[in-house]
Amino acid sequence: MASSDQIQYRPSASLILANKQVFHAKKEFDYNLLLMKRTERTSYALNHCVFPGGVFDAQADESADWLIYFQQCGVSRDQLKLLHSRQSMGRPELMTQGLEFSRDISLRLTALREAFEEVGILLCRKNLKNLKGGQPAQVVQLFDREYWQQRVHNDAQQFLVLCRHLAVVPDLWALNEWSIWRTPASAASRKYDTVYYLAALDLDCNVDLLLEPTEVAAAYWLQPSDCWLQSREGLIWLPYILLYETARLMSIQRWQQLLQFAYERSPQGSTLLQPIYYRTNDCLIGVLPGDELYLPEPEYCNESIVLPCSISELNAVAKRFNRYMIYSFQHVDFACNVHPLDGHFPLQTRVNALLAKL
């Protein structure tokens, strides 16, 4: 097994966008989530869909020039402190490595920059009212987005230049920390530490997407349940951690409830979630914190652990579980009977399998 010093996890951030919809009795949810389909060049699976996001750029997202700009715009230190987590236990290392300022700020900048770069959504504000949080995100659209999107795509530092040009402040306060995931140590590809933020768009926010052609093949606004169903049906493919997040979001049917919950939960911070993989005779299993099979140092588990049994035999004796079972790309079952971490909602009941019935 590799030592922890040899394992490099690249900081990144992604944005879960929830767009409010007119309530309809036939619809289970009154909001949609934005998924974007990766191009063949940037995808590693057919119909691979993700939330907008990308890799942290220290020169762009952690530049001291941001602090100067915030000060020029009238943003106070107290207003920036509102973004810091009050997590009672230790913060994941990802969130403690800020140099010029807190990662609670710089990784929000990453998420906002990438959302504009990939789908043309610029979440910024022209005034500093209601910076206390718990508000819908504000969107700026009336400018040459295609021109600026390419500038930011080619040079991440142009995001600050864009904000100066438009005299707007990135809407950091509309981003609520949702979760933090680490790529499994057993993954063969590049490894990431990714913080997921949730932002809500109000009903009167007419979002006009502008897809970056080299990275994004298509984009979809889908209800959480449709994200799940379309992935099960093979119409799209969601990475397993996003399926897990979708299963949590399916527990919240109303946009206002989601916004309030995300805002109130965010200061609790997030436990770093890194799956550990096991392989039975007929299934690949990802286990998460709280599961009886979870090990104390997941970063050292750089190979799947082989168990000489079937999945049904393993599940028959499971007492404490938080896991997903992969039978194929589309067929993934989730099972959790442990208390949700960090004040989160549990997995939605209809997608949370009871192991005794599997």
Side-chain angles (χ1 to χ4, degrees), residues 13-20 31-34 51-54 56-57 60-63 65-85 101-143 145 148-149 152 156 158-178 195-210 255-256 258-267:
S14 287
L15 187 57
I16 304 171
L17 276 171
N19 193 7
K20 187 176 183 180
Y31 66 92
N32 291 332
L33 302 174
L34 178 61
F51 299 125
F56 167 77
D57 185 311
D61 305 327
E62 204 173 47
S63 169
D65 290 341
W66 277 112
L67 292 180
I68 297 172
Y69 182 62
F70 289 148
Q71 186 176 27
Q72 291 172 342
C73 293
V75 179
S76 69
R77 288 183 177 272
D78 287 340
Q79 288 170 323
L80 290 176
K81 285 180 180 179
L82 293 173
L83 303 169
H84 295 182
S85 169
F101 43 81
S102 166
R103 281 281 173 86
D104 288 304
I105 297 171
S106 59
L107 284 171
R108 280 178 167 84
L109 288 169
T110 302
L112 293 175
R113 173 178 57 77
E114 287 286 344
F116 175 67
E117 177 184 328
E118 293 180 329
V119 295
I121 295 180
L122 182 63
L123 300 185
C124 286
R125 51 170 59 232
K126 292 182 177 291
N127 63 70
L128 301 181
K129 295 180 180 179
N130 297 322
L131 285 188
K132 62 181 183 300
Q135 305 295 321
Q138 298 185 20
V139 181
V140 178
Q141 294 197 90
L142 298 178
F143 63 100
R145 289 190 300 147
W148 280 101
Q149 184 185 56
V152 175
Q158 293 299 303
F159 187 59
L160 173 55
V161 178
L162 169 61
C163 291
R164 287 186 184 277
H165 173 72
L166 297 176
V168 295
V169 176
D171 200 356
L172 306 173
W173 298 266
L175 271 59
N176 303 287
E177 184 179 313
W178 184 261
V195 55
Y196 286 86
Y197 295 103
L198 186 140
L201 301 178
D202 212 340
L203 188 63
D204 59 357
C205 181
N206 297 316
V207 180
D208 182 19
L209 299 180
L210 178 63
W255 177 88
Q256 187 62 51
L258 175 62
L259 173 58
Q260 190 66 27
F261 169 76
Y263 169 64
E264 292 177 352
R265 197 222 65 81
S266 186

Between Ser14 and Trp178, is there a side-chain heavy-atom distance shorter than 4.5 Å? no

On a heavy-atom basis, which atom in Glu264 and which in Pro267 lie closest, and how many Å separate them? O-CD, 3.4 Å

Not counting sequence neighbours, which residues clear side chain to side chain donor-acceptor pair (under 3.5 Å) with Asp57? List them please. none

Please enumerate all residues that pass salt bridge (Lys or Arg N to Asp or Glu O under 4.0 Å) together with Arg265, with sequence neighbours excluded. none

Testing Val75, Asp104, Leu82, Leu112 for side-chain contact (heavy atoms from CB on, under 4.5 Å) with Leu172, which one passes? Leu112

From the options Tyr197, Tyr263, Phe261, Tyr196, select the one residue that forms a side-chain contact (heavy atoms from CB on, under 4.5 Å) with Asn176. Tyr263

Residues two or more places apart in sequence or in another chain: which of them pass salt bridge (Lys or Arg N to Asp or Glu O under 4.0 Å) with Arg108? none

Partners meeting salt bridge (Lys or Arg N to Asp or Glu O under 4.0 Å) with Asp78 (sequence neighbours left out): none

At what distance, to the nearest 0.5 angstrom, does CG of Leu201 lie from CG of Asn32? 11.0 Å

Quick check: are there more than 12 heavy atoms from other residues, nucleotides or ligands sitting under 6.0 Å from NZ of Lys81? no

The reported gap from CG in Leu123 to CD1 in Ile121 (rounded to nearest 0.5 angstrom) is 6.5 Å

Residue pair Leu17 / Phe51, side-chain heavy-atom distance below 4.5 Å: no

Quick one: does Asn19's side chain get under 4.5 Å of Leu34's, heavy atoms only? no

Of the non-hydrogen atoms in Gly134 and Leu259, which two are nearest, and what is the gap between them? O-CD2, 3.8 Å

Taking every non-hydrogen atom, the tightest pair across Pro170 and Cys163: CG-SG, 3.8 Å

Expected output: side-chain Asp171 to main-chain Gln138 donor-acceptor under 3.5 Å: yes

Would you say that Trp66 contacts Ser106 through its side chain, given a criterion of any heavy-atom pair below 4.5 Å between the two side chains? no

State, yes or no, whether a side-chain contact exists between Phe143 and His165 at a heavy-atom distance under 4.5 Å. no

What one should report as the nearest heavy-atom pair of Ala13 and Leu107 is CB-O, 3.3 Å

Could you pull out all residues at least two apart from Glu114 that satisfy salt bridge (Lys or Arg N to Asp or Glu O under 4.0 Å)? none

Spell out, as yes or no, whether a donor-acceptor pair under 3.5 Å connects the side chain of Gln141 to the backbone of Asp208. yes

Please report the interatomic distance CG(Leu80) to NE2(His84), rounded to the nearest 0.5 Å. 7.0 Å

Does any part of the side chain of Leu83, heavy atoms only, come nearer than 4.5 Å to the side chain of Trp173, both counted from C-beta? yes

Rounded to the nearest 0.5 Å, what separation is found between the SG atom of Cys73 and the CD atom of Gln71? 10.5 Å

Dump the intermediate steps for side-chain contact (heavy atoms from CB on, under 4.5 Å) on Arg103 and Phe56, then the final yes or no. CA-CA 10 Å; Arg103 281 281 173 86; Phe56 167 77; 3.7 Å; yes

Considering only heavy atoms from C-beta outward, does the side chain of Arg145 approach that of Leu122 to under 4.5 Å? no

Testing the basics here: between Arg113 and Val152, what is the closest heavy-atom pair and its distance to 0.1 Å? CG-CG1, 3.9 Å

With side-chain contact (heavy atoms from CB on, under 4.5 Å) as the test, would you mind laying out the steps for Val161 and Arg164 before giving the verdict? CA-CA 5 Å; Val161 178; Arg164 287 186 184 277; 5.7 Å; no

Output for pair (Leu67 CG, Arg77 CZ), nearest 0.5 Å, gives 7.5 Å

Taking Ser85's backbone N and O only, do any of them form a donor-acceptor pair with Glu177's side chain (distance below 3.5 Å, no angle check)? no

Check the pair Trp148 / Leu166 against side-chain contact (heavy atoms from CB on, under 4.5 Å), numbers first and verdict last. CA-CA 11 Å; Trp148 280 101; Leu166 297 176; 5.9 Å; no

Output all residues satisfying side chain to side chain donor-acceptor pair (under 3.5 Å) with Glu118, sequence neighbours left out; order by chain, then residue number. Arg38

Nearest non-hydrogen partners of Lys20 and Asp202, listed with the distance: CD-OD1, 3.6 Å

How many angstroms lie between atom CZ of Phe159 and atom CD of Glu117, to the nearest 0.5 angstrom? 10.0 Å

